[in-house]
Amino acid sequence: MADYSRLSRLPVPLLEWYRGNRRILPWREDPRPYRVWVSEIMLQQTRVEAVLPYYERFLRELPDIPALAAAPEEQLLKLWEGLGYYSRVRNLQKAARTVCEQYGGELPGDYEAVKALPGIGEYTAGAICSIAFGLPTPAVDGNVLRVVCRITGDETPVDSPALKRRCREELAPLYPEGAAGDFTQALMELGAMVCLPGGAPRCGECPAREFCAACASGDPERLPVKPPKKPRRIEQRRVWVVLSPAGVLLHRRPGRGLLAGLWELPGAPEGEGFPLGWETPAGAEPIGTARHIFSHVEWQMEGELWRLPEARELPEGWRWADAAALAGEVALPSAFQAFRGFLPKA
DNA sequence: AAGACGGGGGA
DNA sequence: TCCCCAGTCTT
């Protein structure tokens with residue numbers, strides 16, 4: 001069924017296409033290993049356009065691996081605030097420390113060594129080693145999976161680990177001498193710009209149209225074959241905006257799990273009272289509802305505003321945050337965006 | 001093999 | 001609404 005021999009015709013026209021159509025991106029202009037590494041971590045499950053504003057700022061504040069290794073956690077989380085998947089930045093720093101201890105502060109140009117670092121899996125190791133070190137190591141992401149399934153006509157479900165392995169094995173021998181980084185990026189660029197998901201592939205401008213099985217079938221969007229989707233859990237929560245002269249009351253989330261270690265507006269499951277056991281003050285007012293959708297869970301929040309005449313002592317894991325703290329040191333995840341309007345403003 | 005883990009942009 | 005994105009880690 002799947003005809004992987006079609007892939008052998010891809011490298012020449014793909015590279016030609018890439019050189020005339022590639023986007024100018026900061027990590028492409030200066031592909032030093034650290035810069036490529038940071039870009040690849042940020043780009044995990046995240047679109048290029050979303051990453052751009054974060055990338056330059058991150059590199060400016062943490063310009064090299066030793067600086068990353070030494071950064072305080074609050075600076076890391078602030079630099080990542082709103083980007084999501086916060087374990088990425090924790091693992092990034094953990095890996096930076098390992099690189100400082102074991103490799104003198106420079107990323108090793110070796111696939112297995114790179115892949116052994118926390119936060120770096122098959123895809124990211126292949127991307128870093130091909131783009132930054134010129135090694136023929138395929139980087140098979142969602143884009144590449146889609147491109148390969150369509151060209152070969154492979155109907156294996158895209159979430160199958162076997163398919164990913166097959167793609168790596170078939171692509172590795174096709175890597176052109178001296179153009180590993182371009183080939184890796186060209187495959188992804190094609191998926192991002194031409195071989196689009198859903199019903200929008202631009203086969204007319206595709207360098208692979210002459211030998212693509214999906215294009216020839218006349219129904220390219222049939223591939224790749226996607227697994228059935230699963231419903232997400234819904235959680236009802238009450239969320240409090242508690243204001244005092246010292247600022248807004250925040251709670252630090254547990255070190256693991258959803259939004260690990262980030263600050264949040266105090267909340268409780270529907271029906272439970274205020275977490276610190278405080279009495280509801282006179283003048284407490286509802287401030288509307290908000291919904292936030294994560295990939296696997298949905299929060300339905302009812303907001304309540306409390307204005308306290310003076311600040312109170314707080315246990316460990318709680319703090320007051322004024323406008324300056326919110327701007328400079330506290331990372332508040334996007335889930336609370338709807339209530340930002342009630343928070344202290346500079 | 002299946003879930004957990006964020007958030008946003010486009011159809 | 002749903003899809004899905006330059007995925008990885010844990011169970």
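Here the structure is a predicted model, which is why all the values come from computation and not from measurement.
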Contact class for [X] vs. all strands (heavy atom < 4.0 Å): base, sugar-phosphate, or nothing?
X	answer
Glu122(A)	sugar-phosphate
Arg28(A)	base
Val144(A)	nothing
Leu196(A)	nothing
Arg23(A)	base
Gly191(A)	nothing
Leu259(A)	sugar-phosphate
Lys226(A)	sugar-phosphate
Ser39(A)	nothing

I'd like a table of donor-acceptor pairs (distance under 3.5 Å, sequence neighbours excluded) in which one partner is a side-chain atom from residues 259-271 of chain A, with atom names and distances.
unit_1, atom_1, unit_2, atom_2, d
Glu264(A), OE1, Arg253(A), NH1, 2.8
Glu264(A), OE2, His251(A), ND1, 2.9

To the nearest Å, give me how far apart [atom1] ([X]) and [atom2] ([N]) are.
X	N	atom1	atom2	answer
Ile128(A)	dT8(C)	CD1	C1'	13 Å
Lys230(A)	dA2(B)	NZ	P	9 Å
Leu83(A)	dG8(B)	CG	P	9 Å
Tyr85(A)	dG3(B)	OH	C1'	11 Å
Glu235(A)	dC5(B)	CD	C1'	13 Å
Arg146(A)	dG7(C)	CZ	C1'	15 Å
Leu43(A)	dA6(C)	CG	C1'	5 Å
Leu223(A)	dC4(C)	CG	P	13 Å

Would you mind telling me which residue lines up with the more 5' stretch of DNA chain C, Arg256(A) or Ala192(A), judged by nearest nucleotide? Ala192(A)

Lys229(A) or Pro118(A), whichever maps to the more 5' nucleotide of DNA chain C: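 The answer here is Lys229(A).
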
Mind checking who dG6(B) pairs with, Watson-Crick or G-U wobble, both distances under 3.5 Å? none

Take atom [atom1] of [X] as the centre, draw a 6.0 Å sphere, and report whether it contains more than 12 heavy atoms from other residues, nucleotides or ligands.
X	atom1	value
Lys230(A)	NZ	no
Arg256(A)	CZ	no
Glu177(A)	CD	no

Can you tell me whether the side chain of Arg47(A) and the base of dC4(C) have a donor-acceptor pair closer than 3.5 Å?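 Between dC4(C) and Arg47(A), which were checked side chain against base, a qualifying N/O pair under 3.5 Å is present.
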
I'd like to know if Thr46(A) reaches the base of dG8(B) with its side chain, counting only an N/O donor and acceptor under 3.5 Å.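 By the distance-only test, no, there is no pair.
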
First encountered from the 5' end of DNA chain B, between Asp159(A) and Gln45(A):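 Checking each residue's closest nucleotide, the 5'-ward one belongs to Asp159(A).
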
Any salt bridge linking [X] with [Y]? Criterion: basic side-chain nitrogen under 4.0 Å from a carboxylate oxygen.
X	Y	value
Glu73(A)	Arg90(A)	yes
Glu272(A)	Arg238(A)	no
Glu29(A)	Arg22(A)	yes
Arg28(A)	Glu189(A)	yes

I want to verify a distance call: between dG7(C), dA6(C), dC5(B), whose nearest atom is closest to the Thr124(A) side chain? dG7(C)

With respect to the side chain of Pro197(A), which nucleotide from dC4(C), dT8(C), dG6(B) is positioned closest?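 The nucleotide sitting nearest to the side chain is dC4(C).
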
Between residues 291-299 of chain A and DNA chain B, which residues have a heavy-atom gap below 4.0 Å? His292(A), Phe294(A), Ser295(A), His296(A)

So which of Arg168(A), Lys115(A), Glu40(A), Lys164(A) actually passes side chain to side chain donor-acceptor pair (under 3.5 Å) with Tyr123(A)? Glu40(A)

Inter-nucleotide P distance (dG6(B), dT11(C)), Å rounded: 15 Å

Taking dA4(B) as the reference, what is the distance to dA6(C) when you measure between their P atoms (whole Å, please)?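 Approximately 24 Å lies between the P atom of dA6(C) and that of dA4(B).
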
